[in-house]
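What follows is a short report on a single structure.
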Amino acid sequence: MEAIAVMTSGGDSPGMNAAARAVVRTALYEGVNVYGIHNGYKGMIKGDIQKLDSRSVSDLIQRGGTFLGTARSKEFQTPEGRQKAFNNLKEHNIDGLVIIGGDGSLRGGAAMSMEFGIPIVGLPGTIDNDVWGTDYTIGADTAANTILEAINKLRDTASAHRRIIAVEVMGRKSGWLAMTTGIAGGAEYILVPEVKFDLDEMCHELRESYDRGKRYSIIVVAEGACDAIGLGTVVEEKTGIDTRVSVLGYIQRGGSPTVEDRMKASMIGEKAALALLSGVTNKVYGFDSGKVVAIDLFDAVNNKKTLDPELVRLARVLA
Ligand code: ADP
């Protein structure tokens, strides 16, 4: 291989920089040219492609976001758009691509692989931890820690006022972030899209626990489960207890990546580059039970990850 390229795409997540840095430095170490594609598929279509050297990825490992920029592109969803993107890769003699992004971005990579036969290796980059075949995605740990810090602070004020606080967290259709931070944050209720919940029963239990002297309750709500603001109104009406809602929003996406995100992103970044250079294609590198694994790209995008039932059980036991 003469040159490979790396890009970040879709929603940004902390640790994408560490992953891209690992890809760049590994390729250079192996004596292969490496290009950065700016702003995801949008930049690939525009030809926003730049040769990188070792210094291009200096001072990055500690930064959230992505130095390459990211974007969503409607045009890339059309065969014409993808053809333009592929032509730009050819123009730079790029013969392999590492895509760092969520399931949408990986789906885009699968489409390119099928249409043009270009070798593709993916890295799961999303705070949602919703990519099939890997129990780790880049950025989910940092986001979970950011949420946990917010829950800790919300506990203080909830306790002071004897309030119920509902915290809405990200995750799109996945309840992983809510479930993990709900358990780690000691939430009384965790509402996730994967598990049905009984609002009346929850309100009844909340009222009873307040009557028994409980000072406050935290409800962690996954954005895919229900609208937290609407939920807060109903809970206050049904329980008669002062209820506040905190929608954490985009702060969950940012911040300096945790040790876990820096280490794992670096490990799979190296593996992705080495795999591509040795002729591997259509793989996504992730982790299973603490070990790096290579998942088939098509399996990764065609299967839906489910929420670990052990976590659901644990949440019930500990609430
Ligand atoms: P994420 O990668 O975070 O899941 P998106 O779902 O928005 O984010 O996907 C990012 C981009 O990947 C989209 O804007 C689009 O350009 C491309 N993409 C998503 N799904 C497909 C698909 N089925 N075919 C081709 N490209 C796709």
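Just follow the structure's listing: the first ligand is 1, and inside any ligand the first atom is 1.
For atom 5 (P) of ligand 1, the closest heavy atom belonging to the protein is Arg72 NE, 3.6 Å. With hydrogens left out, the protein atom closest to atom 16 (O) of ligand 1 is Ser73 O, 2.6 Å, a heavy atom. What sits closest to atom 25 (C) of ligand 1 on the protein, heavy atoms only, is Gly108 CA, 3.6 Å. Protein heavy atom at the shortest distance from atom 6 (O) of ligand 1 is Gly104 CA, 3.4 Å. The protein atom (non-hydrogen) at minimum distance from atom 22 (C) of ligand 1 is Gln77 OE1, 3.8 Å. The protein heavy atom nearest to atom 3 (O) of ligand 1 is Gly11 N, 3.1 Å.
Ion pairing between Glu188 and Lys214 holds under the 4.0 Å rule for side-chain N and carboxylate O.
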* Start with the C-alpha gap between Lys51 and Asp53, add the side-chain angles, then the distance that decides, and say whether salt bridge (charged side-chain N to carboxylate O under 4.0 Å, His left out) holds. => CA-CA 7 Å; Lys51 199 167 178 186; Asp53 59 26; over 6 Å; no

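We find the CE-OG1 distance between Met7 and Thr66 to be 10.5 Å, quoted to the nearest 0.5 Å.
Here the shortest heavy-atom pairing between Glu75 and Ile45 reads OE1-CG2, 3.6 Å.
Between the side chains of Arg262 and Ser256, at least one donor N or O lies within less than 3.5 Å of an accepting N or O.
The aromatic rings of Phe76 and Tyr41 sit parallel to each other, their planes meeting at less than 30°, with 60° as the upper class boundary.
Lys271 forms no cation-pi arrangement with Tyr285, by the criterion of a distance under 6.0 Å to the ring centre and an angle within 45° of the ring axis.
Taking 4.0 Å as the cut-off, Arg172 counts as a neighbour of ligand 1 on heavy-atom distance.
In this structure, Arg316 contributes its side chain and Val312 its backbone to no donor-acceptor pair below 3.5 Å.
Listed by number with element, the atoms of ligand 1 under 4.0 angstrom from any heavy atom of Tyr41 are 12 (O), 16 (O), 17 (C). Here is the list of ligand 1 atoms found below 4.0 Å of a heavy atom in Asp103: 4 (O).
Where the criterion is an N or O separation shorter than 3.5 Å, residue side chain and backbone included, Gly10 fails it with respect to ligand 1. For the pair Gly102 and ligand 1, the shortest N or O to N or O distance falls below 3.5 Å. Checked by distance only, ligand 1 and Ser105 come closer than 3.5 Å through their nitrogen or oxygen atoms.
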